[in-house]
Amino acid sequence: MAATGSEKQGETSFYVSTPIYYVNDAPHLGHAYTTVAGDVLTRWHRQRGEKVWYLTGTDEHGQKIMRTADQHGVTPQAWCDKLVEEAWKPLWEHLNIANDDFIRTTEKRHTDRVQEFVQDLYDKDEIYKGGYEGPYCVGCEEYKLPGDLIQAEDGTPLCPIHKKPVEILKEENYFFKLSEYGPKLLEFYEANPGFIQPESARNEVVNFVKQGLQDLSISRSTFDWGVPVPWDEKHVIYVWVDALLNYATAVGYGANQEKFDATFPANVHLVGKDILRFHAVIWPAMLMAQGLPLPGRVAANGWLMVGGEKMSKSNLTGIKPQDLTSHFGVDAYRWYFLRAIAFGSDGSFSWEDFSARYTSELANDYGNLASRVAAMIGKYFGGTLPEATAAGDAEQAVQEGLAKAVATSDLKIGEELDFQAGILSIFDFVKQVNGYITEQEPWKVAKDTSPEGQARLATILYTASEALRGVAVLLNPVMPETSQKLWESLGAEPVLGALADQRVQDAGTWGRLPAGATVTKGAVLFPRLEEKPAA
């Protein structure tokens, strides 16, 4: 049985990848959704103190790129260079994506290794020459099975994803013996039930493989924008074979064995559900053929829907990530999609829902709590965090609430990729602390000037501040800018060190924020929203 990414031994990296994205146009919300999810996951593991490697990048070969470039009157390479440098990389920087590498499939470090990989398969008799004719979707860069197609009203066969007519292609190509790997894949799926997530996606793939696999056409001869087949340069390597190999070439395959051994295979491949079969069927079969270990997990996220349709370039209705970040802020953007949509399920986006959640959960629950606590410490204790000397059952409940939030969020985000449940557990704790403040009424306790009254007031405000210390650590992977502001407001950095160095698994250890820390009321964490910008 093949090893998986979850079985890597020794000083290895927790390796997460996004799909590498087609550069036929600028990125949209769907691309950003997957990339932010990967960023939160890898930031979480970094904050556990683990060695992490986060990879994203762009897929730059294939017929679709060639046609798009031609429509714009430039070469494919010029088109790719422009989109990557002016759209893709700047957006990831804008969204605070902390990727360790950005792979482009036109880079020599990739193309040379792709040729070597395919040559090895050819030399092992895993590839043969043959002919094929069938319906082809340029948008998917994939031959479609007749049973996968849908029909337009006039009977024209359409791609079920792009809703556009397929083309009937007939080519003499080279084929990978994918059909021979069906039984091996089914055995692997059974032995590794968590390999494909969610379960609905796993069931779909298993049923697909059980129906029998066809050999995979791994070259094209009707266009030349791709990596040449090394033994027959009349052909270019099929763009999906080229693209999938980025997960190996980016971490040193064939070039840096030490790095490759310490990183490969990926612990988690994050993919959209429309490209699941490539990652859960073709990719592991290719690795099996080459004798390489398989990834730990392929996690398919659902589609972002607008007006009941999958969000895409063709029906995006003008929404760009920057349209939302300019109104709500980058941290709120990062938070919203993972909080509002269960990862793995389709989810609908609406401006109204985002606004309502922002106001209720971020501004009122979280931001207002931080502001009130800092203001009261400033008013009653001159901005110096007081010592807690009169703790009771109410304070014990808050301590237990933080410990529960840490355990739940670490399990849900760090292990299960259930970002929504993990974030909700943290915000349930925020609500608990708000309830604690409401019940204890420190503004009334402050009127009692006796030593006992002041001790009680100090305990209440210390408890709330220490709770916020834990929240800042837990939300740092999700909302790093806001968490840093809160960390500074609590005066934590001079006494506890940098926020990035705080371990999420230790965030529930009570009493880490020492009395005497300087607490300041900084800028409002989540400003009141202005009116929605005009369309």
Side-chain angles (χ1 to χ4, degrees), residues 19-25 57-84 88 103-108 110-119 121-122 127-145 148-149 156-159 161-176 178 214-246 249 274-275 277-278 282-283 286 312-314:
I20 52 171
Y21 304 109
Y22 273 127
V23 290
N24 56 313
D25 208 338
T58 45
D59 185 1
E60 303 183 10
H61 289 130
Q63 195 170 16
K64 181 163 60 173
I65 302 295
M66 187 180 71
R67 288 183 178 179
T68 302
D70 186 59
Q71 291 167 6
H72 287 83
V74 296
T75 66
Q77 188 67 65
W79 176 255
C80 293
D81 292 345
K82 176 180 174 65
L83 264 289
V84 168
W88 290 86
I103 184 76
R104 297 181 58 183
T105 58
T106 53
E107 293 177 285
K108 185 175 175 59
H110 174 75
T111 58
D112 285 356
R113 304 290 87 78
V114 168
Q115 287 188 309
E116 290 173 8
F117 188 100
V118 174
Q119 182 70 58
L121 291 185
Y122 183 71
I127 293 174
Y128 65 92
K129 195 171 188 179
Y132 191 82
E133 180 177 6
Y136 190 82
C137 172
V138 175
C140 292
E141 295 281 11
E142 178 187 21
Y143 278 108
K144 297 292 182 179
L145 297 174
D148 289 339
L149 302 177
T156 301
L158 307 176
C159 167
I161 295 173
H162 292 92
K163 308 295 193 296
K164 293 181 178 180
V166 292
E167 302 176 16
I168 303 300
L169 294 187
K170 182 177 181 180
E171 288 185 286
E172 183 181 63
N173 297 327
Y174 289 94
F175 288 80
F176 167 58
L178 180 63
Q214 296 183 352
D215 288 346
L216 177 70
S217 172
I218 61 100
S219 72
R220 297 288 181 268
S221 58
T222 54
F223 60 90
D224 62 0
W225 180 239
V227 180
V229 171
W231 64 88
D232 187 348
E233 295 202 351
K234 295 177 183 176
H235 294 249
V236 294
I237 297 169
Y238 175 39
V239 65
W240 266 107
V241 172
D242 169 7
L244 289 165
L245 282 166
N246 92 90
T249 63
D274 50 338
I275 57 173
R277 291 180 187 176
F278 296 101
I282 296 173
W283 178 227
M286 289 167 55
S312 67
K313 301 177 187 71
S314 57

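The figures that follow rest on heavy atoms only: side chains count, while hydrogens, waters and symmetry mates do not.
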Student: Rounded to the nearest 0.5 Å, how far apart are CG of D274 and CZ of R277?
Tutor: 11.0 Å
Student: So, taking the atom named CD1 in I218 and the one named CD1 in I127, what distance separates them when rounded to the nearest 0.5 Å?
Tutor: 4.0 Å
Student: Under the side chain to side chain contact (heavy atoms under 4.5 Å, CB included) test against L245, which residue among R113, M286, Q115 passes?
Tutor: M286
Student: Taking side chain to side chain donor-acceptor pair (under 3.5 Å) as the criterion, tell me which of T111, T106, D112 meets it with K108.
Tutor: D112
Student: Does either side chain, that of T75 or that of Q77, offer a donor lying less than 3.5 Å from an acceptor on the other one?
Tutor: no
Student: Take V229 and V236 through the side chain to side chain contact (heavy atoms under 4.5 Å, CB included) test and state the conclusion after the steps.
Tutor: CA-CA 5 Å; V229 171; V236 294; 5.8 Å; no
Student: Rounded to the nearest 0.5 Å, what separates atom CZ in F278 from atom CG in L216?
Tutor: 8.5 Å
Student: Report the distance from atom CG of L121 to atom CD of E116, rounding to the nearest 0.5 Å.
Tutor: 12.5 Å
Student: For V118 and F176, run side chain to side chain contact (heavy atoms under 4.5 Å, CB included): C-alpha distance rounded to whole Å, both residues' side-chain angles, the deciding distance at 0.1 Å, then the answer.
Tutor: CA-CA 10 Å; V118 174; F176 167 58; over 6 Å; no
Student: Would you sort out whether D242 and H110 count as a side chain to side chain contact (heavy atoms under 4.5 Å, CB included), showing the intermediate values?
Tutor: CA-CA 9 Å; D242 169 7; H110 174 75; 2.6 Å; yes
Student: Would you indicate whether the side-chain heavy atoms of E60 and V84 approach each other to under 4.5 Å?
Tutor: yes
Student: More than 12 heavy atoms of other residues, nucleotides or ligands under 6.0 Å from CG of D232: is that the case?
Tutor: yes
Student: Given L178 and Q214, is the side chain to side chain contact (heavy atoms under 4.5 Å, CB included) satisfied, shown in steps?
Tutor: CA-CA 6 Å; L178 180 63; Q214 296 183 352; over 6 Å; no
Student: Are any non-hydrogen side-chain atoms of F117 and V114 less than 4.5 angstrom apart?
Tutor: no
Student: Give a yes-or-no answer on whether the side chains of S217 and N173 include a donor-acceptor pair shorter than 3.5 Å.
Tutor: yes
Student: Is a side-chain donor or acceptor of W225 paired with a backbone partner of K64 at a separation under 3.5 angstrom?
Tutor: no
Student: Shortest non-hydrogen contact from I65 to C80?
Tutor: CG2-SG, 3.7 Å
Student: Once you measure the plane-to-plane angle for Y122 and Y174, does it fall in the parallel (<30°), tilted (30-60°) or perpendicular (>60°) bin?
Tutor: perpendicular
Student: Kindly compute the distance separating OG1 (T105) from CD1 (I20), expressed to the nearest 0.5 Å.
Tutor: 5.0 Å
Student: Is the shortest heavy-atom distance from the side chain of W231 to the side chain of Q119 under 4.5 Å?
Tutor: yes
Student: Looking at every non-hydrogen atom in both residues, tell me the closest pair between H235 and S219 and how far apart they are.
Tutor: ND1-OG, 3.1 Å
Student: Please identify each residue that fulfils side chain to side chain contact (heavy atoms under 4.5 Å, CB included) with E107, with sequence neighbours left out.
Tutor: I103, R104, R109
Student: Where does the angle between the aromatic ring planes of W88 and Y21 fall among parallel (under 30°), tilted (30 to 60°) and perpendicular (over 60°)?
Tutor: parallel
Student: May I ask you to establish whether K129 and F175 are in a cation-pi arrangement, using a distance under 6.0 Å from NZ or CZ to the six-membered ring centre and at most 45° from the ring axis?
Tutor: no
Student: Between H72 and R67, is there a donor-acceptor pair closer than 3.5 Å when you use the side chain of the first and the backbone of the second?
Tutor: no
Student: With the side chain counted from C-beta on, respond yes when W240 and D59 share a heavy-atom pair under 4.5 Å apart, and no when they do not.
Tutor: no
Student: Roughly how far, to the nearest 0.5 Å, is the OG1 atom of T58 from the CG atom of N24?
Tutor: 11.5 Å
Student: Nearest heavy-atom pair of W79 and A69: which atoms, and what distance?
Tutor: CB-CB, 3.7 Å
